[in-house]
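Since we're looking at a predicted model, the values are computed, not measured. When reading the values below, keep in mind they use all heavy atoms of this one structure, side chains included, and skip hydrogens, waters and symmetry mates.
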Amino acid sequence: MTWHHAAACRDHDPEIWFPSDGDAADRARAICAACPVKAPCLQLALLVEGNTARDSRYGIFAGLTGRQRRYAYEQLRESGHFATPHNWRTAPCGTRAAYRRHQRHGETPCAACRRAETAGRAAS
């Protein structure tokens, strides 16, 4: 079973997450607020949208508007801790593979990845 099956939104009309007014957005945010899988939902939205412009992000995901998701994306990229869902088979931070991933993406490797790279070089 994937996290999608536990999502609070799964039994609601999808149009709720693409509101035309503030009241509809509040309803979507209220559903997201109680969702047990808000974190993986946000991770997926950030991955799919990537470096998309603020005004090109539509809808409410994980309780956030497009502008809020863009801000979250920028903060994660700047910190070098842009994580992906575990089932995407991406190396977790703290490994040499993740160190190389940071480099490929033009990111500054996090402290855990730098330690793993240093330890790996020392062992070889």
Nearest 0.5 Å, please: how far is [atom2] in [Y] from [atom1] in [X]?
X	Y	atom1	atom2	answer
Asp26	Ile16	CG	CD1	12.5 Å
Ile60	Cys9	CD1	SG	12.5 Å
Leu47	Tyr73	CG	OH	8.5 Å
Glu74	Leu46	CD	CG	11.0 Å
Trp3	Cys35	CH2	SG	8.0 Å

Taking all non-hydrogen atoms of both residues, which atom of [X] and which atom of [Y] are closest, and how far apart?
X	Y	value
Leu42	Ala62	CB-CB, 3.6 Å
Gly94	Ala116	O-CB, 3.1 Å
Cys113	Cys93	SG-CA, 3.6 Å
Gln68	Thr65	OE1-N, 2.7 Å

(message) side chain to side chain contact (heavy atoms under 4.5 Å, CB included) for Glu49 and Arg69? Distances and angles first, verdict last.
(response) CA-CA 9 Å; Glu49 292 172 335; Arg69 290 191 309 278; 2.7 Å; yes

(request) Report the residues that fulfil salt bridge (charged side-chain N to carboxylate O under 4.0 Å, His left out) with Arg104, sequence neighbours left out, ordered by chain and then residue number. (result)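 Arg104: no salt bridge (charged side-chain N to carboxylate O under 4.0 Å, His left out) contacts found.
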
(request) Report yes if the side chains of His102 and Cys110 come closer than 4.5 Å at any heavy-atom pair, otherwise no. (result)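 Side-chain contact under 4.5 Å: yes.
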
(message) Using side-chain heavy atoms (C-beta onward) and a distance below 4.5 Å, is Arg96 in contact with Arg121?
(response)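 SC-SC contact between Arg96 and Arg121 confirmed.
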
(message) Let's go through Gln103 and Glu107 carefully: what are the C-alpha distance in whole Å and the side-chain angles of both, what is the deciding distance for side chain to side chain contact (heavy atoms under 4.5 Å, CB included) to 0.1 Å, and is it a yes or a no?
(response) CA-CA 6 Å; Gln103 289 185 318; Glu107 304 165 346; over 6 Å; no

(request) Using the six-membered ring of Tyr99, assess whether NZ or CZ of Arg115 lies under 6.0 Å from its centre and within 45 degrees of the ring axis. (result)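 No.
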
(message) Between Leu44 and Phe61, is the side chain to side chain contact (heavy atoms under 4.5 Å, CB included) condition met? List the steps.
(response) CA-CA 9 Å; Leu44 180 61; Phe61 292 91; over 6 Å; no

